[in-house]
2 protein chains.
Amino acid sequence: MSSRSQTIADTLTRAIIDHRLVPGCKLGERELAEIFDVSRIVVRQALIRLADDGLAQIERNRGAFVARPSMQEAMEIYDALTLVEQGVAAQLSDRLGPAGWAELRQHVERQRQAVAAGNDALADVLGQEFHTVFVRLSRNKVMQEIHAQLVRRTTLLRSLITADFDYCNLLDDHSRVVDLLEKGRLKQAMDLIDTHHRTVVRGYIMDREVFPEMTPAEALAPYLDGKADAATTSAGLRQAKPSGNGDGAAHAHVHLPNEDRAPTSRASTKKTNRGLPT
Amino acid sequence: MSSRSQTIADTLTRAIIDHRLVPGCKLGERELAEIFDVSRIVVRQALIRLADDGLAQIERNRGAFVARPSMQEAMEIYDALTLVEQGVAAQLSDRLGPAGWAELRQHVERQRQAVAAGNDALADVLGQEFHTVFVRLSRNKVMQEIHAQLVRRTTLLRSLITADFDYCNLLDDHSRVVDLLEKGRLKQAMDLIDTHHRTVVRGYIMDREVFPEMTPAEALAPYLDGKADAATTSAGLRQAKPSGNGDGAAHAHVHLPNEDRAPTSRASTKKTNRGLPT
DNA sequence: AATCACAAGATTGGATACCAATCAATGATT
DNA sequence: AATCATTGATTGGTATCCAATCTTGTGATT
């Protein structure tokens with residue numbers, strides 16, 4: 001088994017991806033040490049890993065927080081993602097064999113069935129996974145890791161953002177990309193990938209604030225020993241198991257930089273994280 | 001100032017880039033703790049950072065070693081590098097203004113002058129730097145960091161490899177890429193980038209072994225307090241300041257997996273790291 | 001009442017000492 | 001000579017302690 005700091009880092013990453021830990025949330029050493037029942041040092045090592053991954057931000061003598069990417073950084077992440085996926089598309093259009101195309105088609109089909117069945121949660125997961133499968137077919141582990149890191153960071157953005165776009169259009173993009181690529185129409189496929197991401201970004205409107213709906217202890221509870229139902233719960237925060245108090249008043253540990261903090265309606269958070277476009 | 005583990009990680013990274021710490025070299029916690037005069041914990045945090053960066057490999061209960069990428073991984077790294085630089089090239093051909101092209105040309109010119117002056121060390125550094133400047137012009141910090149990490153990992157390969165190629169051809173590639181891009185001949189520029197990297201990789205022949213010529217303590221000595229002349233010494237090991245014994249007999253701390261270890265001539269190491277193609 | 005300064009508390013970054021588990025190398029045994 | 005067991009060294013991790021810094025709350029002042 002790998003080191004304990006790695007597993008803790010993985011758990012925190014999972015919680016961030018699942019939007020149970022939201023940007024700006026304070027990750028106190030002592031608090032996490034208690035939650036995971038390890039020493040502070042192991043926690044600090046885990047936080048270093050998160051920070052290296054771009055998911056956390058460590059401020060000297062102030063502690064670690066879930067990263068709060070700026071709008072600028074959001075654009076850069078999506079630009080990088082586009083660049084990587086376009087490059088992989090170019091490689092695949094040359095090198096991919098029939099089995100590869102079949103796998104992609106099969107994945108798209110699975111997602112389509114999930115949508116048809118009204119299983120939005122599964123559809124969202126599959127939608128995310130498509131990009132991962134796509135890059136995996138390049139058979140380049142280095143590239144895979146880079147891409148996976150970028151994808152992880154986009155999940156941060158989805159917490160900061162009010163999605164507002166036509167969900168159905170995006171759903172077909174995956175299928176069309178596969179079609180275009182297999183037909184050798186690389187240029188059009190790359191343009192579609194660009195448009196795909198650009199549509200997502202354009203639908204994004206950075207909110208100024210995000211309020212955590214639970215404390216880290218509550219957020220991390222599902223992962224602790226039960227080996228949590230990770231994949232299925234990644235759709236939203238709604239069906240969370242608060243394991244105790246259900247009062248959503250816990251605004252604890254929010255990190256807000258010195259900005260104009262207009263008392264916006266907290267309801268905006270409710271509308272966030274609806275669809276998870278990919 | 002940032003955390004101490006970060007500065008130690010930076011120093012180790014610098015030493016690896018400078019080929020003072022070679023792949024397979026053991027990075028013992030206690031040893032490094034003494035060298036840097038810190039506790040083992042700080043060292044371990046630094047090693048975690050190195051491992052996350054792909055420059056070190058931590059084996060449970062065995063310790064950390066400078067990473068020893070396989071031939072497969074080497075190809076993947078260069079593939080990823082090609083993909084990134086081709087993508088950046090595509091972006092620049094659209095978006096780059098006159099000032100940007102001027103900066104690239106100026107950089108190429110500086111390198112040409114260095115070559116003309118016979119200053120191979122400076123030429124090598126500038127050759128590396130060209131790629132960095134190239135990516136920086138994309139104005140995408142996320143992409144820059146990804147690229148920089150890939151470049152760092154290529155320096156590992158140069159320790160493992162006996163360079164054997166036509167050095168002069170590669171020198172002009174940078175200039176030609178700039179020319180092609182500015183003229184809008186994107187496709188050709190991308191092909192040239194591909195060929196550029198492919199030529200480098202083809203010239204590589206993975207050696208089975210690399211023998212460190214000094215202990216970590218010797219390797220790290222130049223960086224310790226004098227704030228070392230980092231940039232200028234990155235050409236090779238030759239003008240190193242061993243700060244003490246000059247006997248190159250110290251084969252200490254080599255990590256060799258269970259492989260057929262033919263007693264090859266140690267002289268191969270001498271021929272390595274001549275030109276640093278980029 | 002509002003603001004500023006200061007002191008107390010809390011948190012982080014780090015050091016030290018210590019322990020258990022594991023790997024490696026040595027020596028003992030057959 | 002080959003194999004097995006023991007010993008030593010190293011790592012992963014804990015607990016405790018300390019200094020520096022940040023936050024907060026209180027109180028004095030205007």
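Below, each value reflects all heavy atoms present in this structure, side chains not excepted, and no hydrogens, waters or symmetry copies. Just so it is clear: chains get the letters A, B, ... in the order the sequence lines come, proteins before strands, and each one is counted from 1. Quick caveat, the model's predicted, so the values are computed rather than measured.
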About how many Å separate CG of A/L157 and CE of A/M71, when rounded to the nearest 0.5 Å? 8.5 Å
Side chains of B/L21 and B/L27, heavy atoms from C-beta outward: is any pair under 4.5 Å? yes
Does the D/dG12 base have a donor-acceptor partner in the side chain of B/R62 within less than 3.5 Å? no
Taken to the nearest whole Å, CD1/A/I58 to P/D/dT21 is 18 Å
Can you find a side chain N or O atom of B/R30 that sits less than 4.0 Å from OP1 or OP2 on D/dA9? no
The side chain of A/R40 lies closest to which of these nucleotides: C/dG14, D/dT14, D/dG12? C/dG14
Earlier contact from the 5' end, DNA chain D, for A/N61 and A/R4: A/R4
For atom CD1 of A/I41 and atom P of C/dC18, their distance in whole Å: 16 Å
Would you mind reading off the distance between A/E31 atom CD and C/dT11 atom P, rounded to a whole angstrom? 9 Å
Quick one about B/R49 and B/Q6 (side-chain donor to acceptor, distance below 3.5 Å, no hydrogens or angles considered), yes or no? yes
Note: for A/G28 and B/V38 on DNA chain C, the residue whose nearest nucleotide lies more 5' is A/G28
Here the distance between atom P of D/dG12 and atom CG of B/L27, to the nearest Å, is 12 Å
Side chain of B/R60: nearest nucleotide among D/dA15, D/dG12, D/dT23? D/dG12
Testing D/dG12, C/dA15, C/dA24 for proximity to the side chain of B/E29, the answer is D/dG12
Between C/dT12 (P) and A/E59 (CD): distance, integer Å: 12 Å
Any side-chain donor-acceptor pair under 3.5 Å between B/E145 and B/Q149? no
From CD of B/Q45 across to C1' of C/dA15 the rounded distance in Å is 12 Å
Scan A/I48 against the nucleic acid and name what it touches under 4.0 Å (heavy atoms): base, sugar-phosphate only, or nothing. nothing
Check the distance between C/dT12's P and A/E34's CD and give it to me in whole angstrom. 12 Å
Separation of D/dG12 C1' from A/F36 CZ (nearest whole Å): 18 Å
Check this one for me: any side-chain N or O of A/K26 less than 4.0 Å away from OP1 or OP2 of D/dC22? no
Scan side-chain atoms only and decide if A/R152 and A/T13 contain a donor-acceptor pair under the 3.5 Å cut-off. no
